[in-house]
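Notes follow the structure.
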Amino acid sequence: MVEHNGIQYRAADAHAHIYPGKIAEKATASVGDFYHIPMQNVGLPHVLAERGGEAGIDRFLVCSVATKVEQVRSINQFIAEKCEKYPQFVGLGAWHQDVADIQGEMEEIQRLGLRGIKLHPDFQRFQIDDPRMLPVYEEAARRGLPVLFHTGDSRMDFSSPRRLMKVLEKIPDFTCIAAHLGGYTEWDTARRELQGANVYIDTSSSLFLVEPEKALESIRHFGADHTMFGTDFPMWNPKEELERFFRLGLSEEENRAILYGNFARLFGLA
Ligand SMILES: [Zn+2]
């Protein structure tokens, strides 16, 4: 439980990255270099459980990104193993645009008990609305697997909110999470371009940069019932991200929804 102004909140971190021990330091450093942001932690599963636990968070949506198609199976195996070891983890599967057997790979993701898919178009170098990915989104929608996208980066176009909207126009029942308040460094564009009943956003890697009023504008646009708290661990410390979140001054009901309620509903948790 997390306490704020004398009120206890149950809290989930809806955006956390974990890496296997032997590559964790290198992987963490390369993400930090890409964004020119010093990483606060090393992306190891036990560090996430500890730091998050200390902050009062008891659920974590964990993922890792496959930059080569050969990595998909081993990453998904790793995420599934860690979800078994840490019951507070909810795992997302990795995917790659070169996956040939879409049905088979989705089967495998569900067999492993993973609950959705994580994509980072900028790292993976595909456009969100790449025609190869449309059958993937259709299949994910059919199976009830939400897709978490890294969204937005004014330095490139792969993950732009506009491209995500094109997908939603084609597949209206596709449930997706547009990370970083709908578009990292493109918050105004995200509000302008993106809408729809199945679009969720998370608060990760945004609150350090966005004016609270702008963050509130984004939350109101997408809805407090479609916003989830996330840290982008190991980028940020859970405790500090919670402080930034509470500084927005949302109502108790909105805090409850964003910290836990929406996450629990989306992933069918108690
Ligand atoms: Zn991410």
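First listed ligand is number 1; within each ligand, the first listed atom is number 1. Because the structure is a prediction, the values reported are computed rather than measured. Quick note: residue numbers are just sequence positions, from 1.
- Taking the six-membered ring where the residue is Trp, Tyr137 and Phe149 present perpendicular rings, their angle passing 60° and hence far from 30°.
- Of the N and O atoms on the side chains of His17 and Asp232, at least one donor lies less than 3.5 Å from an acceptor on the other residue.
- Not one N/O/S atom of His120, from backbone or side chain, sits under 2.8 Å from the Zn ion (ligand 1).
- The Zn ion (ligand 1) does not have His150 among its coordinating residues (no N/O/S atom, backbone or side chain, under 2.8 Å).
- The Zn ion (ligand 1) lies at 2.8 Å or more from every N, O or S atom belonging to Val65.
- Vertex the Zn ion (ligand 1); arms to His15 atom NE2 and His17 atom NE2; angle 100° (nearest 10°).
- Taking the ring axis of Phe263 as reference, the NZ or CZ atom of Arg10 does not stay both within 45° of it and closer than 6.0 Å to the ring centre.
- For the residue pair Asn76 and Arg73, no side-chain donor N or O sits within less than 3.5 Å of a side-chain acceptor on the partner.
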